[in-house]
Amino acid sequence: MIVYTLKRLALALVVAVIVSLVSFMLIRVSGDPAIALAGEASSAEQIQHIREQYGFDRPLLVQYLDWSWRALQGDFGESPYFRLPVSQIMGDRIGVTMTLGGCSLAFAVLLSLPLGILAAVHPNTWVDRLALAIAVLGQAMPSFWFGLIMIIFFSVTLRWLPVSGTGSWRHFVMPTIALGYYATPAFMRLIRSGMIEVLSSDYIRTARAKGLRWPKILFKHALRNAIIPVVSLAAVQFGFMLGGSIIIESVFALHGIGYLAWESIGRSDLPVVQAIVLMLSLIYVVLTLLSDILNAVLDPRIRVK
Amino acid sequence: MEVVFPSPQQIMRRAMLHHKGFLMGLSVIIVVTLLTILAPVLATHDPYAQDLGQRLIPPVWQEKGTWDHPLGTDNLGRDYLSRLIYGSRVSLLIGLSVMLIAGLIGTTLGLLAGYFGGKMDMFVSFLVTVRLALPAVLVAVAVVSLIGGSTRIVILVLGLLVWDRFAVVVRASTQQIRPLEYVAAAKSAGCSTFRILAQEMLPNLMNNLIVVATLEVARAILLEAALSFLGMGVQPPTPSWGLMISEGKEFMLFYPYLITIPGVALFLLLLGFNLLGDGIRDVTAPEGR
């Protein structure tokens, strides 16, 4: 178990380094980030000034080491737009995105868990078809369009919920549904197929033959095994949802990290963009690391592989 | 009496013709393909022609709608039906091209990882992990905004980003085929590694590959629409469905058709590719549902 954990940790570290390298190079894809920061219309002197101010005139490797060393200490530089430390701006916004991600994950799991189990227990009935229909529609529904349709229906026609903003829990209802529904199909399919596989296994038949009550078999014996892959999917999907927050947050003007990223891209606030890409990637790396270790604890077979 | 057994192809064809989802998906895609081919014939107006005297005319089923503009006009007086028809070209072009680029990268990586195993496998798995850790939409939006949006750039950026599923699926199926006898036979007959990979392994991965490719077209179309919606994809005045939703957003409270019409079109096309992909999987590998 310790060997597995150490191996997995080493992999996560290497991935983190590469990911930081990508986020570092990202704002340099167009060539000179100083021009992007200064704006198209600025003079050669202004560009030179910015180049020196941000240290873009140094060798790339030196820049990278400097940037990543500071980032390790939580210093992502200063945003030229806000004239504030990037870490402070992100700190103000990350809570909103985490709340949205958490609520969306809960929405997706709470919708797909009962439906997936019911569909597995009663295959080829109306419950199964309903679960399949929800999954297929969810796969094809563009989340930003779903969000806009909800705004027209719930905010404009029915006047139940606010159109946009961040003020109260009511502002999170529609973004949660839009983002959560996007993740639902994956959960639904995994829970359904996992339960079908487990329910047809020998030890369930033995449990039934022993005369155990059905609910006990279902929840204590079957679900416990079928839920293991769901844990890793949840980690992966949570990471994807944080990444997808850029779309949903800009639809609902929800002031989280995603909306900040979109605005910052629009106004060439590159240090912020860079920091957000790095942060979201690292969150994903940490989440998958934790879920892999948790899985190894839950399922001893994984450790040996 | 002679008993004729149906060939595997016949069985598969029959299964496809009885699979409702597959047929629905296929019909949607045939219709959209016809739209893209016949766009110049079907579109009644120039999709770029602005007419400020004809702004925001509602579709024909609403009051004040006219048959001259069956789906109405947008805020610049452009015919919405013509823009919708030409928009299907953008979606299909981007969806298919991205799928081809991503498929080429992902399949190559997956084949190498599955066939050679060991260090190569570790390397490819590592690449996939890195790719998944990066937030795709955010990276695509940032890159497109830095180097400037155009159809070609969007195709390239998305193609370089979404090869992960190809790599994962091809790697897994290659690992399954790898120990089979015909691979060993080809090897002992002195076939080159390239020949084994390209002519022995690849044809046997085709079923899985087609399923992934179909679903990936849908993913690419969705990503293009999302990028264009955020203003960092295909640039105006190109008629892209995502861009049409983005442009209609400002006016959606009073003219909801501006976003419902392109949205429904996008939804149906995505539904078509998803149903087709799921259908092919059900028929070729029913255990994979």
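Predicted model, so just to flag it, every value in this text is computed and none were measured. Naming: A, B, ... by sequence-line order, numbering from 1 per chain.
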Participant: In sequence, state the C-alpha distance, the side-chain angles, and the governing distance for A:Phe144 and B:Leu230, and then conclude on side chain to side chain contact (heavy atoms under 4.5 Å, CB included).
Facilitator: CA-CA 10 Å; A:Phe144 59 93; B:Leu230 289 173; over 6 Å; no
Participant: Compare every heavy atom of B:Ile259 with every heavy atom of A:Trp145, then report the nearest pair and how far apart it is.
Facilitator: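 Closest heavy-atom pair between A:Trp145 and B:Ile259: NE1-O, 2.9 Å.
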Participant: Under 4.5 Å from any heavy atom of chain A, what part of B:Val144 do you find: side chain, backbone, both or neither?
Facilitator: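 Answer is neither: B:Val144 stays 4.5 Å or more from chain A.
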Participant: Among B:Thr260, B:Leu215, B:Leu132, B:Leu227, which residue forms the greatest number of heavy-atom pairs with chain A at distances under 4.5 Å?
Facilitator: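 Option with the top pair count is B:Leu132.
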Participant: Rounded to the nearest 0.5 Å, how far apart are CD1 of A:Ile149 and CE of B:Met252?
Facilitator: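 Those atoms lie 8.0 Å apart.
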Participant: For a quick test of reading the model, state the closest non-hydrogen atom pair linking B:Ser145 to A:Ile265 and the distance between them.
Facilitator: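 Answer, listing the atom of B:Ser145 first, then A:Ile265: OG-CG2, 3.1 Å.
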Participant: Quick check: closest heavy atoms across A:Leu26 and B:Leu146, and the distance to 0.1 Å?
Facilitator: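 Shortest heavy-atom contact: O-CD1, 3.6 Å.
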Participant: Between B:Pro135, B:Gly148, B:Gly242, who has the most heavy-atom pairs with chain A when the cutoff is under 4.5 Å?
Facilitator: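 When all of B:Pro135, B:Gly148, B:Gly242 are compared, B:Pro135 has the most.
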Participant: Between B:Ser246 and chain A, with a heavy-atom cut-off of 4.5 Å, which part of the residue counts as in contact: side chain, backbone, both or neither?
Facilitator: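 Neither; nothing under 4.5 Å.
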Participant: Would you mind checking which part of B:Met122 comes under 4.5 Å of any heavy atom in chain A, side chain (CB onward), backbone (N, CA, C, O), both or neither?
Facilitator: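 Neither part, no heavy atoms under 4.5 Å.
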Participant: Does atom CZ of B:Phe251 have more than 12 heavy-atom neighbours, drawn from other residues, nucleotides or ligands, at distances under 6.0 Å?
Facilitator: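 More than 12 heavy atoms, drawn from other residues, nucleotides or ligands, come within 6.0 Å of this atom.
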Participant: Answer with side chain, backbone, both or neither: which region of B:Leu269 has an atom nearer than 4.5 Å to a non-hydrogen atom of chain A?
Facilitator: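 It is neither, since no heavy atom gets under 4.5 Å.
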Participant: Between B:Leu134, B:Val141, B:Thr129, which has the largest tally of heavy atom pairs under 4.5 Å with chain A?
Facilitator: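 Heavy-atom pairs under 4.5 Å are most numerous for B:Leu134.
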Participant: When you look at OH of A:Tyr182, are more than 12 heavy atoms from neighbouring residues, nucleotides or ligands closer to it than 6.0 Å?
Facilitator: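 No, because the 6.0 Å sphere around OH of A:Tyr182 holds 12 heavy atoms or fewer from other groups.
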Participant: Tell me, side chain or backbone of A:Leu278 under 4.5 Å from chain B's heavy atoms, or both, or neither?
Facilitator: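 Answer is neither: A:Leu278 stays 4.5 Å or more from chain B.
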Participant: Out of B:Asn274, B:Val143, B:Leu253, which one racks up the most heavy-atom pairs below 4.5 Å with chain A?
Facilitator: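 So the answer, after comparing B:Asn274, B:Val143, B:Leu253, is B:Asn274.
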Participant: Name the one of B:Asp278, B:Leu222, B:Leu270 that satisfies side chain to side chain contact (heavy atoms under 4.5 Å, CB included) with A:Gln139?
Facilitator: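 Exactly one option meets the side chain to side chain contact (heavy atoms under 4.5 Å, CB included) with A:Gln139, and it is B:Asp278.
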Participant: Given that the side chain runs from C-beta out, which part of A:Val273 has a heavy atom under 4.5 Å from chain B: side chain, backbone, both or neither?
Facilitator: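 For A:Val273, the side chain is the part near chain B, not the backbone.
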Participant: Could you look at B:Ala218 and say if it's the side chain, the backbone, both or neither that has a heavy atom under 4.5 Å from chain A?
Facilitator: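 Neither part, no heavy atoms under 4.5 Å.
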Participant: Report, as yes or no, whether the 6.0 Å neighbourhood of atom CH2 on B:Trp61 holds more than 12 heavy atoms from other residues, nucleotides or ligands.
Facilitator: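 Yes, because the 6.0 Å sphere around CH2 of B:Trp61 holds more than 12 heavy atoms from other groups.
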Participant: Sort A:Leu270 into side chain, backbone, both or neither according to what part of it lies under 4.5 angstrom from a heavy atom of chain B.
Facilitator: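 Contact with chain B is through the side chain of A:Leu270 alone.
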Participant: Side chain, backbone, both or neither: which part of B:Phe267 has a heavy atom under 4.5 Å from chain A?
Facilitator: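 For B:Phe267, backbone and side chain are both near chain A.
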Participant: Non-hydrogen atoms of chain B under 4.5 Å away: do they reach the side chain of A:Val277, the backbone, both or neither?
Facilitator: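 A:Val277 touches chain B through backbone and side-chain heavy atoms alike.
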Participant: Tell me whether the count of non-hydrogen atoms from other residues, nucleotides or ligands lying under 6.0 Å of CZ in A:Phe153 goes above 12.
Facilitator: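 No, not enclosed.
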Participant: Tell me the residues of residues 236-245 of chain A whose non-hydrogen atoms fall below 4.5 Å from those of chain B, in number order.
Facilitator: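 Residues of residues 236-245 of chain A touching chain B at under 4.5 Å: A:Phe240, A:Gly243.
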